[in-house]
Amino acid sequence: VTDGLADPNTGRPNVGGPIVTGGGLIFIGSTDDKRLRAFDTRTGKELWTFKLPASIYGTPLTYRGKSGKQYVAAVTTGGFWSEPAGADEVTAFALQ
């Protein structure tokens with residue numbers, strides 16, 4: 001923490017919850033910078049980030065497809081504090 005603000009690499013501030021996978025990843029979205037991030041639960045190191053079309057206003061979700069592959073998805077709507085609502089999209093990522 002510097003200057004009373006959270007580390008900008010964590011996408012401060014956050015209004016949703018994280019989701020944790022059995023493989024040791026934690027996904028955090030619902031940030032004011034329109035990003036979905038993955039962190040290693042053991043080290044806290046940011047492993048991956050993706051800029052979404054708008055902010056998530058909630059918690060990312062995970063599901064397993066018919067093939068058994070696991071996905072993480074983000075429902076984006078925008079409308080995060082001063083951000084205008086600008087997208088109604090679902091973006092999904094396959095985990096390896």
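Nearest approach of Ser30 to Gly16, heavy atoms of both residues: OG-N, 2.9 Å. Contact between Ser55 and Thr31 at its shortest, heavy atoms only, is OG-O, 3.1 Å. Pro53 and Glu89 get closest at one heavy-atom pair: CG-OE1, 3.4 Å. The shortest heavy-atom contact between Ile28 and Pro18 is CG1-CB, 3.9 Å. Between Gly17 and Pro60, the shortest heavy-atom distance links the atoms O-CD, 3.5 Å. Closest non-hydrogen pair, Asp33 versus Arg37, comes out as OD2-NH2, 2.8 Å.
Residues passing the side chain to side chain donor-acceptor pair (under 3.5 Å) test with Thr62, sequence neighbours excluded: Gln70. Partners of Leu52 according to the side-chain contact (heavy atoms from CB on, under 4.5 Å) rule, which considers only residues two or more places apart in sequence or in another chain, are Leu36, Phe50, Ile56, Ala74, Thr76, Thr91. In terms of the side-chain contact (heavy atoms from CB on, under 4.5 Å) criterion, residue partners of Ala73 (sequence neighbours excluded) are, by chain and number, Leu61, Tyr63, Val90, Ala92.
Cluster membership check: Leu25 shares its hydrophobic cluster with Trp48, using side-chain heavy-atom separations under 4.5 Å among Ile, Leu, Val, Met, Phe, Trp and Tyr. Under the 4.5 Å side-chain heavy-atom criterion for ILVMFWY residues, a single connected hydrophobic cluster contains both Leu47 and Ile19.
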